[in-house]
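The sequence lines fix the lettering, A, B, ..., with proteins before strands; numbering per chain opens at 1. The analysis underlying the following values was restricted to heavy atoms, covering all of them including side chains, and did not include hydrogens, waters or symmetry mates.
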Amino acid sequence: MGRNQKSADSFAGLPISSVENQRETLLTWYANACRDLPWRGSTDPYPIWISEIMLQQTQVKTVIPYYHRWLAEFPTIETLATADLQQVLLVWQGLGYYSRARNLHKAAQQIIQDYGGIFPDQLSDVLALPGIGRTTAGGILSAAFNQPVPILDGNVKRILARLVALSVPPAKATKKLWQLSESLLDPEHPGTFNQALMDLGATICTPKNPDCCHCPWQSHCQAYNLGIASKLPMREASTPLPHKIIGVAVIWNNQEQILIDRRPAQGLLGGLWEFPGGKIEPDETVADCIKREIREELGIEIEVGDRVITVDHAYSHFRVTLIVHHCRHLSGVPQALECDEIRWVTLEEIDQFPFPKANTQIIGALRQETERM
DNA sequence: CACCCGTGGGT
DNA sequence: TACCCAAGGGT
């Protein structure tokens, strides 16, 4: 668009086609400033899908090594669909939000069943796959098929909240924000536009200290013009996280094996393995707690010995302190009373099982003890 | 709609 | 230390 054309589109110094100008400004910025990310440059929906799921609530830097390992292990939808869920969880181990891995596995099987292994390109079909909501569907369809489907992730919420100087927390204005994202989306270049929005949020319009000086939308941004860019978006009222103290047992038999259990398939850390234990009740000692929990969960009697380690860990909606003790199996046959499965394993075999982060710290402490001897 | 669901990094 | 936040979705 030449200078003459631009001037014909303006009135009293204000561009009539302000939205078109805004789109072009962002795309021009992106052409120079875009991040070089492993899942960009291809339009194969499978790797784009994997990246979108891994990037949910997870930073790019964290995702990249997992992304490469995943595609090496499961290079196609078919290899993912036919893989064992425990193997899928093992590759996902450490990324968190494990329902994402379980849903990827399930969705891959649905794509084989319902679409002959071809990733669908209809919005309603994509939204019907487990683990894919509006934002992820928009990310996949715009990046893989250049379809004009908007997105509203954390980056876009923050950008839009500042753009219109939103006076309420974004969660209270999701409908309005979706409408904004849709109305801004470039109908000619939706894939590039959505990527550009996310890069703008990740590199310029950051949560703290936004770099407004280099922002292509500076003149469009109401928060900037009001001098309150860094004060927005408004935050939700937060309640302090509850804190639980947990007694944990590393139960040894007389063959140098440890008893581990697999958590129920759904819910917190579903399908992952752990060391058994439970919450310390008021006025209960750690040893009494561990003995009681092991009796309730596994139906056996144990002796509680030395402390292995104490682990502090923060989950998304509570935090825990795990007080871990060596224990010795005294009597009874272990039963899976409150879990899906139990096993005796050696310290060498234990890497074959997916464990949550707090438990891998325990394994590390056990390894250090054996190395010292 | 409120709550559940992990982990790492920044301040 | 404690809190915030990150390419959200399911129930």
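Nucleic acid contact for A:Ala314: base, since at least one base atom lies under 4.0 Å from a heavy atom of the residue. Heavy atoms of A:Trp39 sit under 4.0 angstrom from at least one base atom. Residue A:Ser238 is in sugar-phosphate contact alone, with no base atom involved, counting any heavy-atom pair closer than 4.0 Å across all strands shown. Among the protein residues, A:Leu95 comes within range of the nucleic acid bases, having at least one heavy atom under 4.0 Å from a base atom. At a threshold of 4.0 angstrom between heavy atoms, the contacts of A:Thr136 are confined to the sugar-phosphate backbone, with no base atom among them. Residue A:Gly201 is out of contact with every strand shown, counting any heavy-atom pair closer than 4.0 Å. Residue contacts shown for A:Leu37 include a base, since a base heavy atom lies under 4.0 Å away. Using a 4.0 Å heavy-atom cutoff across all strands shown, A:Gly131 reaches sugar-phosphate atoms only and no base atom. Using a 4.0 Å heavy-atom cutoff across all strands shown, A:Pro130 reaches sugar-phosphate atoms only and no base atom.
Mapping A:Leu55 and A:Leu127 onto DNA chain C via the closest heavy atom, the residue that lands nearer the 5' end is A:Leu55. Remark on DNA chain B: of its neighbouring residues A:Arg100 and A:Lys208, the 5'-side contact belongs to A:Arg100, judged by nearest-heavy-atom nucleotide. Each of A:Asn209 and A:Gln56 was assigned the nucleotide of DNA chain B with the nearest heavy atom; the assignment lying further toward the 5' end belongs to A:Gln56.
For the P atoms, the distance linking B:dC5 with C:dA7 amounts to 23 Å, nearest Å. Remark: the separation of the C1' atoms in B:dC1 and C:dA6 is 23 Å, to the nearest Å. The separation of C:dT1 from B:dG6, taken at their P atoms, amounts to 24 Å, rounded to a whole angstrom.
Ring geometry for A:Trp70 versus A:Trp92: interplanar angle over 60°, hence perpendicular rather than tilted (30 to 60°).
Under a cutoff of 6.0 Å and an axis angle of 45°, A:Arg69 and A:Tyr66 form a cation-pi pair.
Side chain to side chain, A:Thr25 and A:Thr28 fail the donor-acceptor criterion of an N or O pair below 3.5 Å. Under the 3.5 Å distance criterion, with hydrogens and angles disregarded, a donor-acceptor pair is assigned to the side chains of A:Thr285 and A:Asp288.
Screening A:Arg343, A:Arg263, A:Lys357 for a salt bridge (charged side-chain N to carboxylate O under 4.0 Å, His left out) involving A:Glu274 leaves a single residue, A:Arg263.
Between the side chain of A:Arg35 and the base of C:dA7, at least one donor-acceptor pair of N or O atoms lies under 3.5 Å. Counting distance only, with no hydrogens placed and no angle test, the side-chain atoms of A:Thr58 and the base atoms of B:dG6 include a donor-acceptor pair under 3.5 Å.
For A:Pro207, counting side-chain heavy atoms from C-beta on, the closest listed nucleotide (C:dC5, B:dC5, C:dG9) is C:dC5. The side chain of A:Ser316 lies closest to B:dC5, out of C:dA7, C:dA6, B:dC5.
Rounded to whole Å, atom C1' of C:dA6 lies 19 Å from atom OH of A:Tyr67. Atom C1' of nucleotide C:dA6 and atom CD1 of A:Ile53 are separated by 15 Å, given to the nearest angstrom. A:Leu269 places its CG atom 9 Å from the P atom of B:dC5, with the value rounded to the nearest Å. Across the protein-nucleic acid pair, A:Gln266 atom CD and B:dC5 atom C1' stand 12 Å apart, rounded to whole Å. In this structure, OH of A:Tyr97 is placed 12 Å from P of C:dG9, rounded to the nearest angstrom. For A:His317 and C:dA2, the NE2 to P distance is 19 Å, given to the nearest whole Å. Nucleotide B:dT7 holds its C1' atom 10 Å from the CD atom of A:Gln59, rounded to whole Å. Across the protein-nucleic acid pair, A:Tyr30 atom OH and C:dA7 atom C1' stand 12 Å apart, rounded to whole Å.
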request  = Go through the steps to decide whether A:Ile204 and A:Trp29 satisfy the test side chain to side chain contact (heavy atoms under 4.5 Å, CB included), and finish with yes or no.
outcome  = CA-CA 11 Å; A:Ile204 301 282; A:Trp29 168 82; 3.7 Å; yes
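Pairing for C:dG9 goes to B:dC4, judged as Watson-Crick or G-U wobble with the two contacts each under 3.5 Å.
Taking 4.0 angstrom as the limit, A:His313 places a side-chain polar atom (N or O) nearer than this to OP1 or OP2 of B:dT7. When the side-chain nitrogen and oxygen atoms of A:Arg235 are compared with OP1 and OP2 of C:dC4, one or more of them lie within a distance under 4.0 Å.
Under a 4.0 Å N-O distance rule, the pair A:Arg134/A:Asp153 does not qualify as a salt bridge.
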